[in-house]
Number of protein chains: 2
Amino acid sequence: MELDFIRKLVKPAKTKIVLLIMDGIGGLPRELDNLTELEGANTPNLDMLAKKGICGLQQPVGPGITPGSGPGHLGVFGYDPVKYQVGRGVLAALGIGFDLQSGDVAARGNFCTIDENGNITDRRAGRIATEFNQKLCKLLQEKINIPGVDVFVKTVKEHRFLLVLRGRNLSGEILDTDPQETGKKPFSARVKKDEANHTAELVDNFLDQARQILQNEHPANMVLLRGFSERPNWPTYEEVFGIKSAAIAAYPMYKGVAKLIGMNVLETGSTIEEEFSTLEDNWNDYDFFYLHVKKTDSAGEDGDFDRKVSIIEKTDKEIPRLLDLNPDVIIVTGDHSTPALMKAHSWHPVPTLLFSKNCRPDKVDSFGERACITGGLGPRFPAVDLIPLALANAERIEKFGA
Amino acid sequence: MELDFIRKLVKPAKTKIVLLIMDGIGGLPRELDNLTELEGANTPNLDMLAKKGICGLQQPVGPGITPGSGPGHLGVFGYDPVKYQVGRGVLAALGIGFDLQSGDVAARGNFCTIDENGNITDRRAGRIATEFNQKLCKLLQEKINIPGVDVFVKTVKEHRFLLVLRGRNLSGEILDTDPQETGKKPFSARVKKDEANHTAELVDNFLDQARQILQNEHPANMVLLRGFSERPNWPTYEEVFGIKSAAIAAYPMYKGVAKLIGMNVLETGSTIEEEFSTLEDNWNDYDFFYLHVKKTDSAGEDGDFDRKVSIIEKTDKEIPRLLDLNPDVIIVTGDHSTPALMKAHSWHPVPTLLFSKNCRPDKVDSFGERACITGGLGPRFPAVDLIPLALANAERIEKFGA
């Protein structure tokens with residue numbers, strides 16, 4: 001369904017919805033006991049919700065597609081990630097918590113090494129230390145001056161940085177300056193569309209100045225720019241779903257994605273307990289809460305099966321605090337799977353439960369990958385179905401047609 | 001998902017995928033034991049793959065739609081058969097193994113009977129014997145001469161033949177010459193679009209000559225042409241999925257469909273054992289193998305329940321040879337169901353298993369229609385999901401978004 005279709009049917013209500021995203025929650029069974037992280041974890045509270053609620057497994061983007069954090073979240077938030085694509089420059093800005101404004105153009109930067117002829121000898125400048133990167137970004141930030149635009153140069157990590165241009169009539173329709181191989185010169189800024197001609201001039205100006213400023217900073221004596229993109233102007237949660245929404249997340253990327261769709265990002269401590277406290281403290285002020293647990297994913301990425309289990313169990317222990325608030329709808333899911341066995345995000349569908357007094361329970365009586373297969377939500381349903389279902393359960397969608 | 005979306009995410013790998021299509025594999029339970037052909041067959045190897053893999057039932061085209069062989073295969077191959085439609089003339093060419101070239105226009109022909117006024121008295125010329133058809137096609141092939149184009153007239157069966165025009169600037173946008181009822185004259189070639197004006201003249205020239213040549217061949221003294229169509233120019237498997245693919249199929253239709261999407265059609269013997277030998281012999285040269293077992297469908301069409309069971313069992317016996325090759329991903333499915341009880345293709349979803357070391361197993365422990373319903377792939381999933389899932393399991397799809 002298109003967002004425009006839902007938008008016409010939403011109606012106000014006093015109900016409250018909580019979306020708990022356990023990052024990378026889905027897993028794969030290990031040989032020891034043939035159980036996944038979630039199946040093996042002791043989760044009496046999540047099991048109770050699964051038993052009383054309706055379960056299934058969702059695909060954030062589509063069959064076989066491994067979602068990055070941005071698309072994974074957008075899918076669960078109800079925004080089709082294939083339609084609502086985020087540029088890589090914008091993702092980089094979100095990733096370090098840069099507060100992108102409407103109209104800003106962002107690009108991912110690499111420090112690189114060039115020889116006396118200007119040809120690239122190392123596209124990553126020997127992966128310089130982050131501290132060196134910080135020194136160089138400070139230098140560029142201080143010295144570069146482009147009339148009419150604000151320039152932001154921010155360290156990401158090692159050789160990677162973020163460039164943001166802020167001004168009038170900017171466009172992200174610019175090709176990468178990175179030729180993707182050594183022995184070649186960096187490209188100057190080439191436009192994809194004529195509307196970007198002015199921006200391309202500004203980028204070339206930036207590149208000229210950067211070359212001058214960095215000339216004695218070998219191996220980081222030049223920069224490459226990729227993924228030029230503008231902050232998107234998408235319909236907000238309030239516009240589409242008619243709800244006042246709040247995000248409780250400790251890491252920049254997740255705050256950033258929430259901001260893109262107009263969620264209010266709440267100040268919070270970073271532990272699971274502190275995030276639930278933030279939920280309690282702000283309970284009266286919003287209709288919808290997105291609460292993000294990061295460390296399930298980090299443990300999965302590290303290949304630490306047991307740590308992922310223990311973070312799931314830790315999250316489960318906080319569920320009674322959520323229930324004490326008496327929310328009308330609770331969704332528990334992830335933005336993708338991160339099986340500890342793969343040490344990476346994966347395409348496997350994500351276990352999901354939806355609990356509300358209005359839902360039609362299925363026969364699933366525990367929260368786990370294989371249990372969810374036979375749940376009422378289906379074994380591979382599109383993640384974008386979740387928010388409309390949550391709104392319906394929260395009595396926030398009108399009848400369609402007489 | 002659109003093919004263009006997948007195309008941007010595929011990445012190279014050394015992995016190998018085998019797609020085993022048992023034609024018409026799906027069935028219906030007979031009264032004797034309430035088991036379908038597949039449920040009743042003794043298939044220890046397929047059951048083992050189902051147990052270790054992930055199962056479900058797919059719909060090649062859509063709910064309630066009975067696929068022909070062309071659309072059924074295209075769906076499983078990952079090409080939405082509603083979007084990628086094959087003209088009937090082209091299907092006829094594929095069916096007899098005619099090697100269509102890009103730009104060729106093909107039509108299905110009928111020999112028919114006309115009276116002295118030129119009105120049709122029998123649209124099928126009394127279903128003349130195939131031998132008579134062959135004589136007439138030879139006659140037309142020898143005598144018809146249209147400057148600037150090559151004309152091919154090929155026997156199909158009984159009253160049916162294939163016409164192909166090969167030349168420059170041809171178009172398939174021409175309406176049927178068959179008025180679909182007796183007592184009327186055949187239409188001349190009428191265009192759907194102006195671009196076909198030149199082709200229509202050539203077709204009229206063909207019809208005039210055919211009328212002359214056949215005038216004494218009663219009851220086959222005229223022809224009707226239908227389903228004009230051009231060989232489609234679709235993106236190939238290599239272009240879209242980044243894989244080098246091979247087709248192992250003994251019958252013309254299946255080789256033809258494979259060719260349409262750029263698969264390399266391997267020379268093979270026609271028995272199941274010989275097809276598996278062809279697989280072994282070519283194992284090192286391709287990333288992807290489509291292996292087609294025809295006789296499950298033929299038995300279904302004949303209403304021969306027991307023969308269909310025995311062909312399933314025969315195929316099962318070859319599975320260990322497949323496993324010895326150690327493929328990274330195996331898919332076993334069909335292009336549609338052909339229940340022996342119906343003696344025809346049907347709309348019923350097709351049992352499917354996907355086996356790989358990266359798949360998340362479900363609780364299905366045997367390969368059969370009812371067992372697959374509770375599988376992780378879902379009970380009625382779109383066939384086009386299969387190849388993206390296979391590519392993901394073969395580690396050939398990049399993460400989407402950071």
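Below, chains carry the letters A, B, ... as their sequence lines are ordered, and counting in each starts from 1.
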Subject >> Donor-acceptor pair between A/Thr36 and B/Arg360 side chains, under 3.5 angstrom >> reply: no

Original post:
Is there side-chain contact between B/Asp385 and A/Arg380, with at least one heavy-atom pair below 4.5 Å?
Top reply: yes

Original post:
So what's closer than 4.5 Å to chain B heavy atoms on A/Pro81: side chain, backbone, both or neither?
Top reply: both

Subject >> Pairs of heavy atoms under 4.5 Å with chain A: top-ranked of B/Ile6, B/Ile397, B/Leu389 >> reply: B/Leu389

Subject >> Atom group of B/Leu391 that falls short of 4.5 Å from chain A, counting heavy atoms >> reply: neither

**OP:** Would you mind telling me which of A/Ile65, A/Asn34, A/Val86 has the largest number of heavy-atom pairs within less than 4.5 Å of chain B?
**Re:** A/Ile65

Original post:
Donor-acceptor pair, A/His345 side chain versus B/Phe400 backbone, under 3.5 Å?
Top reply: no

Subject >> Euclidean distance, A/Ser346 OG relative to B/Glu395 CD, rounded to 0.5 Å >> reply: 11.0 Å

Subject >> Straight-line distance of B/Met1 CE to A/Gln59 CD, nearest 0.5 Å >> reply: 8.0 Å

**OP:** Locate the shortest heavy-atom distance separating B/Gly401 from A/Pro71; write the atom from each residue and the value.
**Re:** CA-CG, 3.9 Å

Original post:
Where on B/Leu386 is there a heavy atom nearer than 4.5 Å to chain A: the side chain, the backbone, both, or neither?
Top reply: neither

Subject >> Greater than 12 external heavy atoms within 6.0 Å of B/Arg370's CZ >> reply: yes

Subject >> A/Gln180 atom CD, neighbour heavy-atom count above 12 within 6.0 Å >> reply: yes

Subject >> Winner by heavy-atom pair count (cut-off under 4.5 Å) against chain A, out of B/Gly378, B/Gly376, B/Pro379 >> reply: B/Gly376

Subject >> Part of A/Leu341 within contact of chain B (heavy atom distance under 4.5 Å) >> reply: neither

Original post:
Quick check: are there more than 12 heavy atoms from other residues, nucleotides or ligands sitting under 6.0 Å from NZ of B/Lys259?
Top reply: yes

**OP:** To the nearest 0.5 Å, tell me how far A/Trp347 CH2 sits from B/Asn393 CG.
**Re:** 4.5 Å

**OP:** May I ask you to check whether over 12 heavy atoms, not counting those of A/Lys343, lie within 6.0 Å of atom NZ?
**Re:** no

**OP:** Give a yes or no on this: more than 12 heavy atoms of other residues, nucleotides or ligands lie within 6.0 Å of atom NZ of B/Lys11.
**Re:** yes

**OP:** Check B/Pro388 against A/Pro63 and note the closest heavy-atom contact, atom names and distance.
**Re:** CB-O, 3.4 Å

